[in-house]
2 protein chains.
Amino acid sequence: MTPTDTARDAPRACFIAAGLEVLGERWALLALREMSLGVHRFDQIARNTGASRDILTSRLRTLESHGVIERVQYSEHPPRHEYHLTISGAEIAPILISLAAWSSTWMRDETPRASYRHSCGADLKPVLTCAECGEEFRLGSLMLGPLVSTADAIPVDKQRQI
Amino acid sequence: MTPTDTARDAPRACFIAAGLEVLGERWALLALREMSLGVHRFDQIARNTGASRDILTSRLRTLESHGVIERVQYSEHPPRHEYHLTISGAEIAPILISLAAWSSTWMRDETPRASYRHSCGADLKPVLTCAECGEEFRLGSLMLGPLVSTADAIPVDKQRQI
DNA sequence: TCAGTCGGTTTGAATTTCCAACTAACTTGT
DNA sequence: ACAAGTTAGTTGGAAATTCAAACCGACTGA
(Lines give C-alpha, C1' and ligand atoms only; values in the text may rest on other atoms or scores of the structure.)
Protein backbone atom coordinates (compact mmCIF):
# COMPACT_ATOMS: atom_id res chain seq x y z
CA MET A 1 0.00 0.00 0.00
CA THR A 2 1.77 3.07 -1.28
CA PRO A 3 0.82 6.55 -0.01
CA THR A 4 -1.10 7.23 -3.24
CA ASP A 5 -3.51 4.37 -2.65
CA THR A 6 -6.85 4.78 -0.95
CA ALA A 7 -8.97 2.36 1.03
CA ARG A 8 -10.75 -0.23 -1.12
CA ASP A 9 -13.85 1.88 -1.72
CA ALA A 10 -13.48 5.41 -0.34
CA PRO A 11 -12.67 8.12 -2.88
CA ARG A 12 -9.64 10.21 -2.07
CA ALA A 13 -10.73 13.07 0.20
CA CYS A 14 -8.29 15.82 -0.68
CA PHE A 15 -8.31 19.57 -1.13
CA ILE A 16 -8.47 19.32 -4.90
CA ALA A 17 -11.74 17.41 -4.58
CA ALA A 18 -12.99 19.87 -1.96
CA GLY A 19 -12.21 22.88 -4.13
CA LEU A 20 -13.95 21.32 -7.09
CA GLU A 21 -17.13 20.87 -5.07
CA VAL A 22 -17.44 24.65 -5.08
CA LEU A 23 -15.52 25.79 -8.17
CA GLY A 24 -16.06 22.73 -10.31
CA GLU A 25 -19.78 22.99 -10.90
CA ARG A 26 -20.71 24.00 -14.40
CA TRP A 27 -20.57 27.79 -14.99
CA ALA A 28 -19.00 28.59 -11.62
CA LEU A 29 -15.54 29.46 -12.96
CA LEU A 30 -17.00 31.36 -15.90
CA ALA A 31 -19.08 33.47 -13.54
CA LEU A 32 -15.96 34.17 -11.50
CA ARG A 33 -14.11 35.04 -14.70
CA GLU A 34 -16.74 37.68 -15.43
CA MET A 35 -16.40 39.21 -11.99
CA SER A 36 -12.64 39.35 -12.29
CA LEU A 37 -13.09 41.14 -15.60
CA GLY A 38 -15.31 43.71 -13.92
CA VAL A 39 -18.75 42.38 -14.86
CA HIS A 40 -20.90 42.28 -11.75
CA ARG A 41 -24.53 42.16 -12.81
CA PHE A 42 -26.75 39.14 -13.24
CA ASP A 43 -27.96 39.75 -16.77
CA GLN A 44 -24.52 40.49 -18.13
CA ILE A 45 -22.97 37.50 -16.37
CA ALA A 46 -25.70 35.29 -17.80
CA ARG A 47 -25.12 36.61 -21.31
CA ASN A 48 -21.32 36.51 -21.19
CA THR A 49 -21.14 32.99 -19.80
CA GLY A 50 -24.06 31.45 -21.66
CA ALA A 51 -25.45 29.91 -18.48
CA SER A 52 -29.21 29.65 -18.20
CA ARG A 53 -30.61 32.06 -15.65
CA ASP A 54 -31.92 29.52 -13.16
CA ILE A 55 -28.64 27.63 -13.03
CA LEU A 56 -26.70 30.85 -12.73
CA THR A 57 -28.86 31.88 -9.79
CA SER A 58 -28.11 28.60 -8.11
CA ARG A 59 -24.35 28.86 -8.76
CA LEU A 60 -24.13 32.40 -7.45
CA ARG A 61 -25.94 31.32 -4.27
CA THR A 62 -23.50 28.46 -3.78
CA LEU A 63 -20.48 30.69 -4.33
CA GLU A 64 -21.95 33.23 -1.94
CA SER A 65 -22.63 30.63 0.74
CA HIS A 66 -18.99 29.55 0.54
CA GLY A 67 -17.77 33.12 0.88
CA VAL A 68 -16.26 33.28 -2.60
CA ILE A 69 -18.48 36.13 -3.74
CA GLU A 70 -20.77 38.62 -2.01
CA ARG A 71 -23.97 40.35 -3.03
CA VAL A 72 -23.75 44.12 -2.83
CA GLN A 73 -26.97 46.12 -2.97
CA TYR A 74 -26.86 48.95 -5.49
CA SER A 75 -30.57 49.86 -5.59
CA GLU A 76 -33.14 50.06 -2.79
CA HIS A 77 -36.35 50.13 -4.84
CA PRO A 78 -36.49 47.63 -6.31
CA PRO A 79 -33.79 45.77 -4.36
CA ARG A 80 -30.98 45.06 -6.81
CA HIS A 81 -27.64 43.45 -6.15
CA GLU A 82 -24.25 43.19 -7.78
CA TYR A 83 -21.93 40.23 -7.39
CA HIS A 84 -18.38 40.90 -6.26
CA LEU A 85 -15.42 38.72 -5.45
CA THR A 86 -14.40 38.48 -1.80
CA ILE A 87 -10.76 38.09 -0.78
CA SER A 88 -11.25 34.38 -1.21
CA GLY A 89 -12.74 34.94 -4.66
CA ALA A 90 -9.90 37.21 -5.71
CA GLU A 91 -7.48 34.43 -4.88
CA ILE A 92 -8.86 32.16 -7.57
CA ALA A 93 -6.93 34.35 -10.03
CA PRO A 94 -4.02 31.86 -10.25
CA ILE A 95 -6.48 29.10 -11.16
CA LEU A 96 -8.06 31.13 -13.96
CA ILE A 97 -4.69 32.32 -15.18
CA SER A 98 -3.14 28.84 -15.22
CA LEU A 99 -6.20 27.57 -17.04
CA ALA A 100 -6.09 30.39 -19.58
CA ALA A 101 -2.39 29.83 -20.18
CA TRP A 102 -2.76 26.07 -20.57
CA SER A 103 -5.69 26.47 -22.88
CA SER A 104 -4.07 29.06 -25.12
CA THR A 105 -1.12 26.73 -25.52
CA TRP A 106 -3.00 23.51 -26.10
CA MET A 107 -6.52 24.31 -27.27
CA ARG A 108 -5.77 26.11 -30.50
CA ASP A 109 -8.35 25.25 -33.11
CA GLU A 110 -10.04 27.00 -35.99
CA THR A 111 -12.45 29.04 -33.86
CA PRO A 112 -11.00 32.41 -32.89
CA ARG A 113 -11.06 33.07 -29.17
CA ALA A 114 -10.18 35.93 -26.89
CA SER A 115 -6.72 35.50 -25.44
CA TYR A 116 -5.52 36.96 -22.18
CA ARG A 117 -2.53 39.02 -21.20
CA HIS A 118 -0.86 40.33 -18.11
CA SER A 119 -1.43 43.96 -17.18
CA CYS A 120 2.23 44.62 -18.03
CA GLY A 121 1.21 44.12 -21.65
CA ALA A 122 2.93 40.78 -22.26
CA ASP A 123 1.21 37.59 -23.41
CA LEU A 124 0.28 35.20 -20.62
CA LYS A 125 3.37 33.30 -19.54
CA PRO A 126 2.77 32.52 -15.90
CA VAL A 127 5.39 30.67 -13.87
CA LEU A 128 4.40 28.84 -10.72
CA THR A 129 7.12 28.58 -8.11
CA CYS A 130 7.35 27.25 -4.59
CA ALA A 131 7.50 30.18 -2.16
CA GLU A 132 9.65 28.06 0.11
CA CYS A 133 12.42 26.81 -2.14
CA GLY A 134 11.91 28.95 -5.23
CA GLU A 135 11.86 25.97 -7.54
CA GLU A 136 9.34 25.85 -10.37
CA PHE A 137 6.40 23.50 -9.92
CA ARG A 138 6.12 20.73 -12.48
CA LEU A 139 4.67 17.27 -12.87
CA GLY A 140 5.74 15.14 -9.95
CA SER A 141 6.44 18.05 -7.65
CA LEU A 142 2.95 17.73 -6.22
CA MET A 143 2.81 15.20 -3.40
CA LEU A 144 0.24 14.16 -0.88
CA GLY A 145 0.73 15.60 2.59
CA PRO A 146 -0.93 14.87 5.94
CA LEU A 147 -4.67 15.05 6.63
CA VAL A 148 -5.83 18.45 7.88
CA SER A 149 -9.15 19.79 9.17
CA THR A 150 -10.54 22.80 11.04
CA ALA A 151 -8.43 21.80 14.00
CA ASP A 152 -5.55 23.35 12.06
CA ALA A 153 -6.48 27.02 12.08
CA ILE A 154 -6.62 29.17 8.97
CA PRO A 155 -3.80 31.76 9.16
CA VAL A 156 -5.16 35.13 10.42
CA ASP A 157 -4.20 36.96 7.24
CA LYS A 158 -6.27 34.42 5.34
CA GLN A 159 -9.41 34.36 7.43
CA ARG A 160 -12.63 34.84 5.56
CA GLN A 161 -13.45 38.47 5.17
CA ILE A 162 -16.60 39.71 3.42
CA MET B 1 -19.18 49.34 -24.92
CA THR B 2 -16.09 48.56 -22.87
CA PRO B 3 -13.65 45.81 -23.94
CA THR B 4 -15.13 43.43 -21.37
CA ASP B 5 -18.57 43.53 -22.96
CA THR B 6 -19.77 40.96 -25.44
CA ALA B 7 -22.27 41.17 -28.25
CA ARG B 8 -25.88 41.22 -27.06
CA ASP B 9 -26.27 37.44 -27.02
CA ALA B 10 -23.02 35.64 -27.80
CA PRO B 11 -21.21 34.18 -24.80
CA ARG B 12 -17.60 35.24 -24.46
CA ALA B 13 -15.45 32.88 -26.53
CA CYS B 14 -12.18 32.86 -24.65
CA PHE B 15 -9.48 30.38 -23.72
CA ILE B 16 -10.82 29.92 -20.22
CA ALA B 17 -14.12 28.73 -21.66
CA ALA B 18 -12.28 26.55 -24.19
CA GLY B 19 -10.15 24.91 -21.51
CA LEU B 20 -13.18 24.20 -19.38
CA GLU B 21 -14.86 22.36 -22.23
CA VAL B 22 -12.19 19.70 -21.82
CA LEU B 23 -11.04 20.01 -18.20
CA GLY B 24 -14.27 21.31 -16.70
CA GLU B 25 -16.45 18.25 -17.12
CA ARG B 26 -17.20 16.41 -13.95
CA TRP B 27 -14.41 14.01 -12.84
CA ALA B 28 -11.95 15.14 -15.53
CA LEU B 29 -9.61 17.00 -13.18
CA LEU B 30 -9.86 14.29 -10.53
CA ALA B 31 -8.85 11.69 -13.08
CA LEU B 32 -5.89 13.87 -14.07
CA ARG B 33 -5.02 14.27 -10.39
CA GLU B 34 -4.79 10.50 -10.09
CA MET B 35 -2.49 10.22 -13.07
CA SER B 36 -0.23 12.93 -11.72
CA LEU B 37 -0.07 11.00 -8.46
CA GLY B 38 1.04 7.91 -10.36
CA VAL B 39 -2.27 6.03 -10.59
CA HIS B 40 -2.75 4.89 -14.16
CA ARG B 41 -5.30 2.05 -14.18
CA PHE B 42 -9.00 2.26 -14.78
CA ASP B 43 -10.26 0.50 -11.67
CA GLN B 44 -8.02 2.44 -9.33
CA ILE B 45 -8.87 5.77 -10.95
CA ALA B 46 -12.56 4.94 -10.63
CA ARG B 47 -12.19 4.05 -6.96
CA ASN B 48 -9.97 7.01 -6.03
CA THR B 49 -12.14 9.60 -7.77
CA GLY B 50 -15.56 8.16 -7.00
CA ALA B 51 -16.66 8.51 -10.62
CA SER B 52 -18.99 5.87 -11.98
CA ARG B 53 -17.31 3.59 -14.45
CA ASP B 54 -19.33 4.55 -17.50
CA ILE B 55 -18.77 8.27 -17.00
CA LEU B 56 -15.10 7.71 -16.32
CA THR B 57 -14.79 5.81 -19.59
CA SER B 58 -16.38 8.71 -21.40
CA ARG B 59 -14.12 11.30 -19.70
CA LEU B 60 -10.96 9.36 -20.44
CA ARG B 61 -11.99 9.13 -24.10
CA THR B 62 -12.55 12.88 -24.25
CA LEU B 63 -9.23 13.63 -22.60
CA GLU B 64 -7.51 11.22 -24.96
CA SER B 65 -9.15 12.73 -28.03
CA HIS B 66 -7.86 16.13 -26.96
CA GLY B 67 -4.35 14.82 -26.48
CA VAL B 68 -4.28 15.40 -22.73
CA ILE B 69 -3.76 11.72 -21.91
CA GLU B 70 -2.77 8.65 -23.87
CA ARG B 71 -3.66 4.99 -23.58
CA VAL B 72 -0.62 2.76 -23.22
CA GLN B 73 -1.07 -0.97 -23.76
CA TYR B 74 0.46 -3.06 -21.01
CA SER B 75 -1.09 -6.43 -21.87
CA GLU B 76 -1.73 -8.05 -25.22
CA HIS B 77 -4.13 -10.83 -24.20
CA PRO B 78 -6.49 -9.54 -23.10
CA PRO B 79 -5.79 -6.03 -24.39
CA ARG B 80 -5.32 -3.81 -21.36
CA HIS B 81 -4.35 -0.17 -21.21
CA GLU B 82 -2.98 2.31 -18.76
CA TYR B 83 -3.72 6.00 -18.88
CA HIS B 84 -0.80 8.40 -18.85
CA LEU B 85 -0.47 12.16 -19.08
CA THR B 86 0.98 13.55 -22.30
CA ILE B 87 3.11 16.69 -22.31
CA SER B 88 -0.10 18.65 -22.51
CA GLY B 89 -1.51 16.72 -19.56
CA ALA B 90 1.61 17.26 -17.49
CA GLU B 91 1.17 20.98 -17.95
CA ILE B 92 -2.11 21.05 -16.09
CA ALA B 93 0.00 20.77 -12.92
CA PRO B 94 -0.21 24.53 -12.23
CA ILE B 95 -4.01 24.33 -12.41
CA LEU B 96 -4.19 21.47 -9.92
CA ILE B 97 -1.63 23.08 -7.66
CA SER B 98 -3.35 26.48 -7.65
CA LEU B 99 -6.63 24.75 -6.93
CA ALA B 100 -5.15 22.69 -4.12
CA ALA B 101 -3.53 25.77 -2.59
CA TRP B 102 -6.71 27.85 -2.81
CA SER B 103 -8.78 25.06 -1.37
CA SER B 104 -6.49 24.32 1.55
CA THR B 105 -6.59 28.00 2.45
CA TRP B 106 -10.31 28.59 2.04
CA MET B 107 -12.11 25.27 2.29
CA ARG B 108 -11.21 24.22 5.79
CA ASP B 109 -14.11 22.49 7.46
CA GLU B 110 -14.58 19.71 9.97
CA THR B 111 -13.89 16.87 7.53
CA PRO B 112 -10.21 15.91 7.45
CA ARG B 113 -8.72 15.92 3.96
CA ALA B 114 -5.42 15.07 2.43
CA SER B 115 -3.28 18.15 1.94
CA TYR B 116 -0.54 18.54 -0.62
CA ARG B 117 3.06 19.59 -0.45
CA HIS B 118 5.89 20.42 -2.75
CA SER B 119 8.54 17.79 -3.33
CA CYS B 120 10.97 20.03 -1.40
CA GLY B 121 8.98 19.08 1.69
CA ALA B 122 7.31 22.45 2.29
CA ASP B 123 3.56 23.05 2.51
CA LEU B 124 1.96 24.25 -0.73
CA LYS B 125 2.68 27.93 -1.13
CA PRO B 126 2.75 28.49 -4.86
CA VAL B 127 3.47 31.93 -6.29
CA LEU B 128 2.37 32.78 -9.81
CA THR B 129 4.51 35.34 -11.57
CA CYS B 130 4.64 36.83 -15.04
CA ALA B 131 7.62 35.36 -16.91
CA GLU B 132 7.94 38.64 -18.76
CA CYS B 133 8.02 41.27 -16.01
CA GLY B 134 8.46 39.08 -12.94
CA GLU B 135 5.53 40.67 -11.14
CA GLU B 136 3.16 38.47 -9.17
CA PHE B 137 -0.25 37.82 -10.74
CA ARG B 138 -3.21 39.06 -8.76
CA LEU B 139 -6.80 40.13 -9.23
CA GLY B 140 -6.96 42.67 -12.01
CA SER B 141 -3.69 41.65 -13.61
CA LEU B 142 -5.61 39.40 -15.99
CA MET B 143 -6.81 41.29 -19.04
CA LEU B 144 -8.41 40.35 -22.30
CA GLY B 145 -6.08 40.27 -25.28
CA PRO B 146 -6.69 39.91 -29.02
CA LEU B 147 -8.56 37.07 -30.70
CA VAL B 148 -6.34 34.16 -31.77
CA SER B 149 -6.95 30.95 -33.71
CA THR B 150 -5.00 28.20 -35.50
CA ALA B 151 -3.66 30.81 -37.86
CA ASP B 152 -1.32 31.73 -35.03
CA ALA B 153 0.90 28.67 -34.79
CA ILE B 154 1.60 26.78 -31.60
CA PRO B 155 5.27 27.26 -30.66
CA VAL B 156 7.35 24.22 -31.77
CA ASP B 157 8.42 23.36 -28.23
CA LYS B 158 4.72 23.20 -27.34
CA GLN B 159 3.39 21.13 -30.18
CA ARG B 160 1.31 18.14 -29.26
CA GLN B 161 3.44 15.11 -28.66
CA ILE B 162 1.98 11.73 -27.79
C1' DT C 1 -49.07 55.18 -21.41
C1' DC C 2 -46.05 51.97 -23.26
C1' DA C 3 -41.97 49.69 -24.22
C1' DG C 4 -37.76 48.23 -22.00
C1' DT C 5 -34.60 46.81 -18.01
C1' DC C 6 -33.37 44.07 -14.16
C1' DG C 7 -33.09 40.06 -11.32
C1' DG C 8 -34.89 36.65 -10.78
C1' DT C 9 -38.73 32.18 -10.61
C1' DT C 10 -41.47 28.65 -12.86
C1' DT C 11 -42.37 24.94 -16.01
C1' DG C 12 -41.75 20.94 -18.58
C1' DA C 13 -38.65 18.80 -21.69
C1' DA C 14 -33.89 17.28 -22.77
C1' DT C 15 -29.59 15.77 -21.19
C1' DT C 16 -26.40 13.82 -18.01
C1' DT C 17 -25.24 11.08 -14.32
C1' DC C 18 -25.75 7.34 -11.19
C1' DC C 19 -25.69 2.63 -9.85
C1' DA C 20 -25.77 -2.10 -9.99
C1' DA C 21 -25.33 -5.89 -12.78
C1' DC C 22 -23.23 -8.07 -16.55
C1' DT C 23 -19.48 -9.49 -19.84
C1' DA C 24 -15.13 -11.27 -21.79
C1' DA C 25 -10.70 -12.65 -21.27
C1' DC C 26 -7.64 -13.67 -18.76
C1' DT C 27 -4.64 -15.04 -13.89
C1' DT C 28 -4.09 -17.16 -9.48
C1' DG C 29 -4.80 -20.37 -5.77
C1' DT C 30 -6.09 -25.07 -4.21
C1' DA D 1 -8.91 -28.93 -13.29
C1' DC D 2 -11.84 -25.83 -11.26
C1' DA D 3 -13.41 -21.95 -8.72
C1' DA D 4 -12.56 -17.40 -7.58
C1' DG D 5 -10.58 -13.01 -8.53
C1' DT D 6 -8.89 -9.17 -11.54
C1' DT D 7 -9.38 -5.90 -15.25
C1' DA D 8 -11.63 -2.81 -18.33
C1' DG D 9 -15.08 -1.94 -19.72
C1' DT D 10 -20.72 -2.03 -21.41
C1' DT D 11 -25.69 -2.08 -20.54
C1' DG D 12 -30.21 -0.50 -18.86
C1' DG D 13 -33.23 1.96 -16.17
C1' DA D 14 -33.88 5.34 -12.51
C1' DA D 15 -32.51 9.73 -10.58
C1' DA D 16 -30.64 14.18 -10.78
C1' DT D 17 -29.28 18.15 -13.31
C1' DT D 18 -29.59 21.36 -16.92
C1' DC D 19 -31.95 23.60 -20.58
C1' DA D 20 -34.79 27.20 -22.89
C1' DA D 21 -38.45 29.92 -22.94
C1' DA D 22 -42.04 32.20 -20.67
C1' DC D 23 -43.47 34.71 -16.87
C1' DC D 24 -43.26 38.12 -12.98
C1' DG D 25 -42.95 42.47 -10.16
C1' DA D 26 -40.93 46.66 -9.56
C1' DC D 27 -39.25 49.82 -11.51
C1' DT D 28 -37.19 53.69 -15.59
C1' DG D 29 -37.25 56.62 -19.62
C1' DA D 30 -39.68 58.52 -23.70
Side-chain angles (χ1 to χ4, degrees), chain A residues 1-2 4-11 17 20-32 34-35 38-65 69-84, chain B residues 1-2 4-11 17 20-32 34-35 38-65 69-84:
Chain A
M1 178 115 158
T2 75
T4 63
D5 287 333
T6 321
R8 175 81 57 249
D9 37 304
L20 287 173
E21 273 168 38
V22 175
L23 304 181
E25 291 186 299
R26 202 169 184 187
W27 307 116
L29 280 174
L30 291 184
L32 294 170
E34 288 307 306
M35 293 173 224
V39 174
H40 301 288
R41 301 211 172 162
F42 186 89
D43 271 35
Q44 201 64 49
I45 295 172
R47 266 194 293 276
N48 290 1
T49 57
S52 42
R53 309 169 65 77
D54 54 344
I55 301 300
L56 182 60
T57 302
S58 153
R59 289 297 174 275
L60 294 171
R61 295 294 176 274
T62 300
L63 291 171
E64 191 193 5
S65 76
I69 63 175
E70 55 183 328
R71 269 150 54 97
V72 180
Q73 195 161 38
Y74 71 88
S75 153
E76 192 101 19
H77 290 292
R80 289 276 180 270
H81 302 268
E82 286 184 331
Y83 295 93
H84 284 263
Chain B
M1 177 111 157
T2 74
T4 65
D5 287 333
T6 319
R8 175 83 55 250
D9 38 301
L20 286 173
E21 273 169 40
V22 175
L23 305 181
E25 291 187 299
R26 204 170 183 186
W27 308 115
L29 280 174
L30 292 185
L32 294 170
E34 288 306 308
M35 294 174 223
V39 174
H40 301 288
R41 301 212 173 161
F42 186 88
D43 270 36
Q44 200 63 50
I45 295 173
R47 265 195 293 276
N48 290 0
T49 58
S52 42
R53 310 171 66 79
D54 53 345
I55 302 300
L56 182 61
T57 300
S58 153
R59 288 299 174 274
L60 293 172
R61 295 294 176 275
T62 300
L63 290 171
E64 190 193 6
S65 76
I69 63 176
E70 55 182 327
R71 267 151 56 97
V72 180
Q73 197 162 37
Y74 71 89
S75 152
E76 192 102 20
H77 289 293
R80 289 278 180 267
H81 302 269
E82 287 186 330
Y83 296 92
H84 285 263

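Just so it is clear, the model here is predicted, and its values are computed rather than measured.
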Just jot down the side chain to side chain contact (heavy atoms under 4.5 Å, CB included) partners of B:R71, sequence neighbours excluded, or say none. B:R61, B:E64, B:H81, B:Y83

Under the rule for side-chain hydrogen bond (donor to acceptor under 3.5 Å, both in side chains), what residues qualify as partners of A:S52, not counting sequence neighbours? A:D54

N or O in side chain of B:Y83 less than 4.0 angstrom from D:dG9 OP1/OP2: yes

Who pairs with A:S58 by side chain to side chain contact (heavy atoms under 4.5 Å, CB included), at least two apart in sequence or on another chain? none

Looking at the side chain of B:D43, which of C:dG8, C:dG7, D:dA8 is the nearest nucleotide? D:dA8

Applying side-chain hydrogen bond (donor to acceptor under 3.5 Å, both in side chains), name anything that partners A:E25, two or more places apart in sequence or on another chain. none

Just the table, please: protein N/O against nucleotides 16-19 of chain C N/O, every pair under 3.5 Å.
unit_1	atom_1	unit_2	atom_2	d
C:dT17	OP1	B:R59	NH2	2.6
C:dT17	OP2	B:R59	NH2	3.1
C:dC18	OP1	B:R26	NH1	3.0
C:dC18	OP2	B:W27	NE1	3.0
C:dC18	N4	B:D54	OD2	3.1
C:dC19	N4	B:D54	OD2	2.7

In whole angstroms, the gap separating C1' of C:dT5 from CZ of A:R47 amounts to 10 Å

All side-chain hydrogen bond (donor to acceptor under 3.5 Å, both in side chains) counterparts of A:R26, not counting sequence neighbours: none

What is the distance from CD of B:E34 to P of D:dA8, rounded to the nearest Å? 14 Å

Separation of atom CD in B:Q73 from atom P in C:dA25, rounded to whole Å: 15 Å

Can you spot which of A:Q73, A:R41, A:H40 makes a side-chain hydrogen bond (donor to acceptor under 3.5 Å, both in side chains) with A:E82? A:R41

Just the rounded figure in Å: distance from C1' of D:dG9 to CG of B:L56. 10 Å

Nearest to the B:P78 side chain among D:dA8, C:dG8, C:dC26, which nucleotide is it? C:dC26

Could you tell me the separation between the NE2 atom of B:H81 and the C1' atom of D:dT7, rounded to a whole number of Å? 12 Å

Does a nitrogen or oxygen in the side chain of A:H77 sit under 4.0 Å from OP1 or OP2 of D:dA26? no

